[in-house]
Amino acid sequence: MVKMNSLEALVAQIQGLSGNSSDIHQLHGHLKQSDQFLYSESTRLAPVLTQLDPAKHSLGYLYLLEAVTSAPFSKERANELVVVVARFINACTAKQIRLAPDKFISVCRRFKDQVMLLEAPMRAVAPLLTAIQKLQPSTEHLTTLHPDFLLVCLSTKCYKTGLHLLEDNISEVDQPRDFFLYCYYGGMICIGQKHFGKALELLHNVVTAPMSTLSAIAVEAYKKYILVSLIHLGQFTTSFPKYTSSAAQRSLKNYCQPYLELANSYSTGKISELQTFVQMNRDKFVVDTNLGLVKQVVSSVYKRNIQRLTQTYLTLSLQDIANTVQLSSPKEAEMHVLQMIQDGEIYAAINQKDGMVRFLEDPEQYKTCEMIEHVDSSIQRMMALSKKLTAMDEKMSCDPSYVSKAGRERQRFDFDDFDGVPQRFNL
């Protein structure tokens with residue numbers, strides 16, 4: 001009876017103190033003190049939620065909902081809670097839930113886990129996107145929910161929805177692990193949409209990010225980075241940028257030998273040798289779930305070999321192209337050439353009558369209005385980025401923890417000939 005009265009009193013406080021900001025902060029204090037009590041009553045809280053409005057009483061509703069979802073429940077009950085959580089995410093007030101971000105993240109993650117267990121990940125796509133937008137102070141902020149949302153997009157093959165989130169320019173990161181997963185899952189989404197340039201950028205971020213010890217995420221990202229480099233660029237270099245962590249430079253290659261050997265085989269341009277290598281290492285690629293990408297690597301050899309022909313010949317018959325790049329027939333060569341023309345990878349014209357291909361120069365003169373606007377837009381983005389980086393550099397240079405660490409580093413090394421600020425890698 002005492003517990004019931006305490007619960008009723010807490011509900012009354014939530015209803016009475018959710019009106020303005022000063023009352024909300026007072027309510028937050030009461031809710032923090034009642035946290036353990038709510039966990040002890042978690043199995044009895046679900047009916048109490050019906051007494052609250054998720055829009056008006058968002059903070060109190062969040063505390064109760066977090067306690068409710070912490071208890072084990074049946075599959076039938078999970079279906080009901082998934083609906084309740086989705087409604088709360090859509091209705092809650094951003095200003096209130098940001099007072100307890102850890103609670104909100106916990107609820108959203110349990111929600112994601114439940115829909116995955118129910119084998120209905122599609123139900124989480126829209127609510128998690130809404131949750132991110134409400135949790136973010138700005139679109140430049142990477143939340144802990146970003147990787148969860150991208151993982152759900154991968155599970156449901158909602159690549160375009162994931163791509164929309166990846167368009168944001170991230171400059172603030174709370175946890176390094178979130179950044180690693182965001183870039184890794186984001187890279188996979190871009191691969192799914194064949195946006196290989198953006199995929200390379202994201203995977204490169206994972207491989208070169210600061211790390212004291214090598215992570216499994218970085219290893220998997222490096223494998224895909226090798227494959228995407230071959231598909232998109234037609235080549236791969238084993239050298240790392242100077243800013244790559246020593247842990248990655250020392251150990252990454254040791255875990256990716258089949259992929260490095262694949263890159264070496266690819267560089268010869270000999271399709272038969274490459275196919276033999278892939279067949280010999282098929283099981284490894286299957287275990288890594290990279291066989292589909294590896295097949296795209298093999299297919300891209302034909303494209304690279306055709307592109308090399310454009311640097312040597314002005315005209316060439318389809319039969320000669322087929323023989324040179326090891327295709328089975330002129331018809332297959334024609335299909336490859338047509339696809340490359342459509343994708344803008346080569347400029348050529350096919351004479352259907354005599355089966356001749358004439359290779360052309362790039363028709364872009366870079367003087368159209370659209371091109372000028374594109375260049376101007378790129379310049380504006382670079383200027384904004386430069387301004388942002390300068391502000392971040394100044395802010396970091398004044399940070400006490402950085403100044404203290406930089407001082408300790410100066411004592412460890414001889415910087416007599418060094419006048420500037422040491423290069424910084426903090427996320």
Side-chain angles (χ1 to χ4, degrees), residues 150 153-160 162-163 166 183-207 217 219-238 252 255-310 321-322 324-329 331-346 348:
L150 294 177
C153 288
L154 280 169
S155 300
T156 57
K157 291 184 169 54
C158 292
Y159 300 139
K160 289 186 178 179
L163 278 175
L166 293 170
C183 290
Y184 179 65
Y185 292 146
M188 292 176 69
I189 283 174
C190 291
I191 289 170
Q193 284 294 96
K194 297 192 182 300
H195 291 193
F196 293 122
K198 181 66 174 178
L200 273 180
E201 175 190 330
L202 291 167
L203 295 171
H204 178 271
N205 289 343
V206 181
V207 172
I217 304 170
V219 172
E220 296 307 311
Y222 191 55
K223 293 174 182 177
K224 287 181 170 58
Y225 181 76
I226 294 171
L227 299 176
V228 176
S229 294
L230 296 175
I231 295 169
H232 186 60
L233 303 176
Q235 60 184 356
F236 174 74
T237 176
T238 56
L252 261 181
Y255 292 94
C256 305
Q257 279 304 315
Y259 295 85
L260 295 171
E261 292 171 14
L262 177 73
N264 288 333
S265 179
Y266 182 96
S267 64
T268 66
K270 297 177 180 177
I271 188 68
S272 57
E273 291 182 7
L274 182 61
Q275 289 173 331
T276 300
F277 177 84
V278 169
Q279 193 59 38
M280 289 173 59
N281 293 272
R282 179 186 175 88
D283 291 344
K284 295 176 183 176
F285 298 135
V286 169
V287 170
D288 292 340
T289 65
N290 284 329
L291 185 60
L293 267 181
V294 170
K295 289 180 178 179
Q296 291 185 59
V297 168
V298 174
S299 297
S300 71
V301 174
Y302 295 113
K303 291 184 179 182
R304 299 306 164 195
N305 289 340
I306 291 173
Q307 284 177 327
R308 290 190 186 102
L309 295 177
T310 67
I321 292 175
T324 305
V325 303
Q326 302 174 55
L327 291 167
S328 60
S329 67
K331 187 64 177 177
E332 189 177 355
E334 182 181 5
M335 295 304 295
H336 273 83
V337 171
L338 285 172
Q339 187 62 53
M340 292 178 72
I341 293 172
Q342 183 178 334
D343 295 340
E345 294 173 324
I346 61 171

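Hydrogens, waters and symmetry mates are skipped; everything else that's a heavy atom, side chains included, is used.
When the ring pair (Phe, Tyr, Trp, His ring centres under 6.0 Å) test is applied to F285, the partners found at least two apart in sequence or on another chain are Y259. With sequence neighbours left out, K284 forms a salt bridge (charged side-chain N to carboxylate O under 4.0 Å, His left out) with no residue at all. Residues passing the ring pair (Phe, Tyr, Trp, His ring centres under 6.0 Å) test with H195: none are found, sequence neighbours excluded. With sequence neighbours excluded, the residues that form a side-chain hydrogen bond (donor to acceptor under 3.5 Å, both in side chains) with K194 are Q296. A search for salt bridge (charged side-chain N to carboxylate O under 4.0 Å, His left out) contacts involving E332 returns nothing, not counting sequence neighbours.
No hydrogens or angles considered: a donor-acceptor pair under 3.5 Å links the side chains of Q307 and R304.
Note that OG1 of T238 and CD1 of I226 are 9.0 Å apart. Values are rounded to the nearest 0.5 Å. How far CZ of F196 is from CG of L227: 10.5 Å, rounded to the nearest 0.5 Å. Put simply, OH on Y222 and CG on L203 are 12.0 Å apart, with the number rounded to the nearest 0.5 Å. Separation of atoms CG (D283) and CG (D288) is listed at 11.0 Å; rounding is to 0.5 Å.
Inter-residue side-chain proximity for N305 and I271 is flagged as unmet; no heavy-atom pair is nearer than 4.5 Å. Looking only at side-chain heavy atoms (C-beta outward), L202 and L166 come within less than 4.5 Å of each other.
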With a 3.5 Å cut-off and sequence neighbours excluded, list the donor-acceptor pairs that the side chains of residues 260-269 form with protein atoms.
| residue | atom | partner | partner atom | Å |
| --- | --- | --- | --- | --- |
| N264 | ND2 | L260 | O | 3.4 |
| Y266 | OH | L230 | O | 3.2 |
| Y266 | OH | S300 | OG | 3.1 |
| S267 | OG | N264 | O | 2.6 |
| T268 | OG1 | S265 | O | 2.6 |
| T268 | OG1 | K270 | N | 3.3 |

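When each of I346, V325, D343 is paired with K303, the side chain to side chain contact (heavy atoms under 4.5 Å, CB included) condition holds for D343 and for no other.
Ring geometry for H204 versus Y225: interplanar angle of 30 to 60°, hence tilted.
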